[in-house]
J.: 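To start, I am sharing the structure in question, which I have written as structure tokens.
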Amino acid sequence: NVFPIPATKENIERGIRHILELQAGGGTNINDAMLEGLQLAKHALQNEKLPKEVKSMIVFLTDGIGSTSGNEIKSNIKNENSKVDVPIFCIGFGKDADFNLLKDISEQANSFSKRIYEGSDAA
């Protein structure tokens with residue numbers, strides 16, 4: 001049961017701890033990550049877990065290249081997002097991120113993308 005998680009001090013601290021403990025394992029599965037995010041947004045919309053004035057969105061951060069072809073990723077996301085119309089904001093870190101793919105994903109969701117270069121202030 002993922003929804004809703006109240007933004008209590010304890011839950012926020014738990015979320016921050018979880019993020020800080022993540023370990024990179026290599027590989028970037030953009031396709032599955034995006035589809036999971038869209039499924040969560042769809043679930044929230046269908047089950048009215050968010051107030052009507054709140055809209056779901058995806059903020060996708062990566063430093064890599066997708067493990068699936070770019071055209072397949074874009075097609076899968078476009079198909080899944082046609083059901084929920086969620087904005088997808090992509091942020092690519094460093095020179096290895098497939099920024100053209102991230103830009104295309106954001107544009108097809110009427111959103112925008114940003115590249116953060118190494119040495120830039122990403123904080």
J.: Roughly how far, to the nearest 0.5 Å, is the NE2 atom of His43 from the CD atom of Glu36?
T.: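 Between Glu36 CD and His43 NE2, I get 11.0 Å after rounding to 0.5 Å.
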J.: Once ring-ring contact (aromatic ring centres under 6.0 Å, His included) is applied, do any residues pair with Phe89, and if so which ones, sequence neighbours excluded?
T.: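 Counting only residues at least two positions away or on another chain, Phe89 forms a ring-ring contact (aromatic ring centres under 6.0 Å, His included) with Phe112.
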J.: Do Asn81 and Ile88 make a side-chain contact, defined as non-hydrogen atoms from C-beta onward lying under 4.5 Å apart?
T.: yes
J.: Search all heavy atoms of Gly94 against all heavy atoms of Arg115 and return the closest pair with its distance.
T.: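 Nearest pair, atom of Gly94 first, then Arg115: O-NE, 3.9 Å.
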J.: Looking at CG of Asp32 and OG1 of Thr68, how far apart are the two atoms once the value is rounded to the nearest 0.5 Å?
T.: 6.5 Å
J.: Looking only at non-hydrogen atoms, find the nearest pair between Asn29 and Ser67 and report the distance.
T.: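 Minimum heavy-atom separation between Asn29 and Ser67: CA-OG, 3.6 Å.
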J.: Once you round to the nearest 0.5 Å, how far does CD of Glu80 lie from CG of Leu35?
T.: 6.0 Å
J.: Tell me the closest heavy-atom pair linking Ala109 and Val86, and the distance in Å.
T.: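 Of all heavy-atom pairs spanning Ala109 and Val86, the closest is CB-O, 3.8 Å.
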J.: Evaluate Asn76 against Asn79 for side chain to side chain donor-acceptor pair (under 3.5 Å), listing each step before the verdict.
T.: CA-CA 5 Å; Asn76 290 342; Asn79 179 51; over 6 Å; no
J.: Counting only heavy atoms not in Lys83, do more than 12 fall under 6.0 Å of its NZ?
T.: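 Count over threshold, so yes.
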J.: I need the minimum non-hydrogen distance between Ile65 and Thr28, along with the two atoms involved.
T.: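 Minimum heavy-atom contact is O-CB, 3.4 Å.
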J.: Is any side-chain heavy atom of Ile58 closer than 4.5 Å to one of Leu38?
T.: yes
J.: Roughly how far apart are Phe99 CZ and Phe93 CZ, rounded to 0.5 Å?
T.: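 That separation rounds to 11.5 Å.
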J.: Would you mind reporting whether Lys42 and Leu45 have side-chain heavy atoms less than 4.5 Å apart?
T.: no
J.: Of the non-hydrogen atoms in Leu102 and Ser113, which two are nearest, and what is the gap between them?
T.: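 Smallest interatomic distance, heavy atoms only, reads O-CB, 4.1 Å.
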J.: Taking salt bridge (charged side-chain N to carboxylate O under 4.0 Å, His left out) as the definition, give me every residue that meets it alongside Asp104, ordered by chain and number, with sequence neighbours left out.
T.: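 If we apply the salt bridge (charged side-chain N to carboxylate O under 4.0 Å, His left out) test to Asp104, skipping adjacent residues, the hits are Lys74.
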J.: Do Leu61 and Leu20 land in one hydrophobic cluster if side-chain heavy atoms of ILVMFWY residues count as linked below 4.5 Å?
T.: no
J.: Within the structure provided, determine whether Phe60 and Ile30 are in side-chain contact (heavy-atom separation under 4.5 Å).
T.: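 Heavy-atom side-chain distance check passes, below 4.5 Å.
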J.: Would you say Lys55 has more than 12 foreign heavy atoms packed within less than 6.0 Å of its NZ?
T.: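 Correct, the count exceeds 12.
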J.: Rounded to the nearest 0.5 Å, what's the gap from CZ on Arg14 to NZ on Lys9? Could you check?
T.: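 Result: 15.0 Å between the selected atoms.
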J.: If you apply the rule side-chain contact (heavy atoms from CB on, under 4.5 Å), what do you find for Glu13 with Ile16, and how did you get there?
T.: CA-CA 5 Å; Glu13 289 172 357; Ile16 290 170; 5.7 Å; no
J.: Between Met34 and Cys90, is a side-chain contact (heavy atoms from CB on, under 4.5 Å) present by the stated rule, with each step listed?
T.: CA-CA 10 Å; Met34 288 284 195; Cys90 294; 3.8 Å; yes
